[in-house]
Amino acid sequence: MNKPLALVVLISGNGSNLQSIIDAIEAGQLNAEIRAVVSNNPDAYGLQRARKQGIACYIQDHRDFSDRDQFDQQLQAYLQTVNPDYIVLAGFMRILGAELVSAFRNRIVNIHPSLLPAYKGLDTHQRALENQETHHGVSIHLVTAELDDGPILLQGRYPIEQDDQVADLQRKGHALEHRMYPRLLSWLSENKLIITESQVLHEQVELEKPLEFID
Ligand code: GAR
């Protein structure tokens with residue numbers, strides 16, 4: 001067996017995605033070790049999930065920083081001491097600056113509640129409903145300095161039904177997310193997905209478009 005994939009998970013809130021990763025590790029479905037959970041929000045419920053599991057928590061409240069660069073510099077210094085294989089953004093609602101992103105180039109992944117490149121940013125469910133979309137979904141992508149940009153690795157789709165409200169899309173999206181993130185991370189840990197400077201390989205084939213999540 002390969003050595004466990006070393007992760008740091010960044011959160012800002014509930015941390016249900018963090019929980020899905022913890023659960024997959026516990027269940028032996030994901031060979032990984034969460035070295036730390038980072039939050040910019042001291043009240044994030046996800047911190048309680050981490051503590052319950054005995055995972056180190058690092059809180060860096062963005063309100064303590066007068067500018068973004070300082071926040072990023074301190075976070076970068078912390079992440080460098082932990083030196084994970086991957087930094088996993090799981091509902092982390094801060095934009096990471098170009099310097100931090102380039103220090104961990106191709107080692108930061110993010111989950112976003114839309115079928116990127118559609119609906120970058122906030123309120124994705126509301127906007128999809130307003131536009132009367134028939135489908136919506138979830139994307140996991142590599143993080144670049146541009147918001148919700150970067151190569152898309154994996155996407156999951158679900159239909160929008162006639163009477164769906166924002167809460168319905170949240171529920172459907174979360175259900176998908178909780179299966180997608182552990183799956184993607186397990187591919188990384190098993191070297192089924194290999195990310196190099198110049199390409200992404202899935203089962204030794206260069207990824208030319210996002211993988212479609214199939215349960
Ligand atoms: C998730 O739905 C995730 O896709 C979204 O925040 C939620 C966090 O839920 N992320 C973004 O919108 C990032 N642009 P969680 O805290 O329960 O994991």
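Being a predicted model, the structure only gives us computed values, none of them experimental. Order of listing sets the numbers, starting from 1, for every ligand and every atom in it.
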Please determine whether a side-chain nitrogen of the Lys or Arg among Asp215 and Arg179 lies less than 4.0 Å from a carboxylate oxygen of the Asp or Glu.
yes

Closest approach of any protein heavy atom to atom 14 (N) of ligand 1, naming residue and atom:
His112 ND1, 3.1 Å

With a 4.0 Å cut-off on heavy atoms, is Ile11 in contact with ligand 1?
no

Please confirm whether His141 and His112 have ring centers closer than 6.0 angstrom.
no

Just by distance, with hydrogens left out, do Ser12 and Asn40 show a side-chain donor and acceptor under 3.5 Å apart?
yes

Following the transitive rule for hydrophobic clusters with a side-chain heavy-atom cut-off under 4.5 Å over Ile, Leu, Val, Met, Phe, Trp and Tyr, establish whether Val9 and Tyr58 coincide in one cluster.
no

Protein residue, atom and distance nearest to atom 8 (C) of ligand 1, heavy-atom basis:
Gly91 CA, 3.5 Å

among protein heavy atoms, the one nearest atom 17 (O) of ligand 1 is Ser16 OG, 2.5 Å

Taking the basic N atoms (NZ, or NE/NH1/NH2) and the acidic carboxylate oxygens, is any pair closer than 4.0 Å for Glu33 and Arg35?
yes

Return the residue, atom name and 0.1 Å-rounded distance of the protein heavy atom closest to atom 9 (O) of ligand 1.
His174 NE2, 3.2 Å

What protein heavy atom sits nearest atom 10 (N) of ligand 1, and how far off is it?
Ile111 O, 3.6 Å

Lys/Arg N to Asp/Glu carboxylate O, Arg171 vs Asp164, below 4.0 Å:
no

Are Met93 and ligand 1 in contact, using a heavy-atom cut-off of under 4.0 Å?
yes

Tell me the protein heavy atom at minimum distance from atom 16 (O) of ligand 1, and give that distance in Å.
Gly15 N, 2.8 Å

What atoms of ligand 1 come within less than 4.0 Å of a heavy atom belonging to Asn14?
16 (O), 17 (O)

Protein heavy atom at shortest distance from atom 11 (C) of ligand 1:
Pro113 CD, 3.6 Å

Is it possible for you to check whether Arg157 lies under 6.0 Å from the centre of the six-membered ring of Phe213, through NZ or CZ, and within 45° of that ring's axis?
no

Atom 1 (C) of ligand 1 has as its nearest protein heavy atom Glu177 OE1, 3.1 Å

Glu197/Arg105 ion pair, N-O < 4.0 Å:
yes

